[in-house]
Protein chains: 2
Amino acid sequence: MGLEERKKKEKEQRRKTILKAARKQFFEKGFNPVTVASIARKAELSKGTIYLYFKSKEEIYAQILLSDIDKFHERISSVFQEGKGASEMLLDFSDIYIDYFLADRELFRILMVFMLRNDSMDFSEELNNDLIRATNSTIDVIERIFRYGIDEGEFPPDINIRQGRNAIWGLLNGVISLHLFTGKESARERKIRSAVKVGLEGFIKGLTNVYVTDKKGFFEQM
Amino acid sequence: MGLEERKKKEKEQRRKTILKAARKQFFEKGFNPVTVASIARKAELSKGTIYLYFKSKEEIYAQILLSDIDKFHERISSVFQEGKGASEMLLDFSDIYIDYFLADRELFRILMVFMLRNDSMDFSEELNNDLIRATNSTIDVIERIFRYGIDEGEFPPDINIRQGRNAIWGLLNGVISLHLFTGKESARERKIRSAVKVGLEGFIKGLTNVYVTDKKGFFEQM
DNA sequence: TGAACTATGGTCAGTATATGACCGTTGGTC
DNA sequence: GACCAACGGTCATATACTGACCATAGTTCA
């Protein structure tokens, strides 16, 4: 390890410090109520220093959110594995989806707020597009599962992919939203999982019992 | 925690980085063979930066050695405890002394080299005096034990304190020196401890069996 | 022996990084 | 619509770091 390397590391560390301080506040209060001064204070830096690492408050927010969504997308993409059927993938997808947002409720809340087009944050067009693209990439995963299911003959070829995709997407977000910030903490996870399970199983059964006959009691195993 | 506090911490951290890099090299190679450039390299800093934290190479060495000796002195001073006899203190002292230098052989070697007046390091007079004062503080601990023993009536009041002090000091250093850098690692500690024990017990017995009669088989317990 | 060379402790002008007073804008108040 | 407060963003200044440079003290070799 040399001198240049050390400096690089220190810079990266400082960047992370800022992002960490900012993330906490953004996720607690939203975009506008958080000031650059408060991020600086939390990070134990001056305001000017923040602007040495990021060119605007918006860029900080963008990097946090886009990186969070990327991580999430990476995690969710792990549903694609050799030897898995499309139905199984959909169920795994929902499991991971629920797991993830149970562990990071604030991220979920923020994504929901964003998708509900609460444009009180007046982001630049670029950031808005990036965020839309990023959130869509999650929906694309569902779509890919559907296509895979059709290609493998597990799902009927004439289903409306977009409709199915939106239904599952809506089911997940709806159920999670319904329970995540209401009701008793203790019952929350169970309620979410059982509601999604019922909805998803019904959905898949509706698709598959016409064409797929050799699933060997897949749902009975659950 | 605020901004000033953070900067202070970072400065202190950098100081420690330098000292750590320097200590390793000084203890491996001695004073002269270690260059400021090599310390800087190890610490992943430029040479100039070293001089922002220390005014000379000698000061670095001094701070390391004096701080090491201070720590040692603090440790060794823990022999003074309520309800202990002077003989017990001397035995505890030797235990701690041996423990310490078994764990930090290089410090022992350096102190020995220094005390043997190997003045190949041409330190400034000030540093030399500081080092002498620091090393003497250890010897003073033995002297204090002697005085305590005399005050409490455990040791005869007419013993030559300086002579006794030097004898024990010499015994410890001699035995440790003899074994520390020779012979098999496995047998080393046992040999040192038994040699010191024999010497010290004999010494104390010679002092105490005249005056102290109620020690209740102190040595038999060992 | 002494000139040339080398290695090293220490310096300092130049560069990189960090700071916070300041500016223009905006949104709220009366 | 004049005032104000609060904010994002800027920039002159301050702080921290760097490495080419210097003086000197050994070392080599003609």
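Quick caveat: nothing in here was measured; it's all calculated off a predicted structure. Naming convention: chains lettered A, B, ... in sequence-line order (proteins, then strands); numbering from 1 in each chain.
- In this structure, CZ of B:R14 is placed 14 Å from C1' of C:dA18, rounded to the nearest angstrom.
- Summarising the geometry, the separation between CG on A:L52 and C1' on D:dA16 is reported as 14 Å, rounded to the nearest angstrom.
- With distances taken from any side-chain atom of B:Y53 to the nucleotides D:dC17, C:dG9, D:dG9, the minimum falls on D:dC17.
- Rounded to whole angstrom, the span from the NZ atom of A:K9 across to the P atom of D:dC17 amounts to 17 Å.
- We find that CZ of A:R41 is positioned 12 Å from P of C:dG20, with the value rounded to whole Å.
- Protein atom CG of B:L3 is 13 Å distant from nucleotide atom C1' of D:dA14, rounded to whole Å.
- Atom NZ of B:K57 is separated from atom P of C:dT8 by 9 Å (rounded to the nearest Å).
- Using modelled atom types and a 3.5 Å distance limit, the side chains of A:Q63 and A:R15 yield a donor-acceptor pair.
- What you find for B:E58 and B:F123 is that their closest heavy atoms are OE1-CA, 3.3 Å.
- Between the side chain of B:K47 and the base of C:dG10 there is at least one donor-acceptor pair of N/O atoms closer than 3.5 Å.
- The side chain of A:T35 lies closest to D:dC7 when the candidates are D:dG9, C:dT19, D:dC7.
- For C:dT19, one of the phosphate oxygens OP1 or OP2 lies less than 4.0 angstrom from a side-chain nitrogen or oxygen of A:S46.
- Annotation: cation-pi geometry satisfied between B:K57 and B:F31 (NZ/CZ under 6.0 angstrom from ring centroid, within 45° of ring axis).
- The phosphate of C:dT19 has OP1 or OP2 within less than 4.0 Å of a side-chain N or O from B:R6.
- In this structure, of D:dC17, C:dG10, D:dG9, it is D:dG9 that holds the atom nearest to the side chain of A:Y51.
- One interatomic measurement links the two molecules: CD1 of A:I18 to C1' of C:dT17, which rounds to 12 Å at whole-angstrom precision.
- A:K11 places its NZ atom 8 Å from the C1' atom of C:dT17, with the value rounded to the nearest Å.
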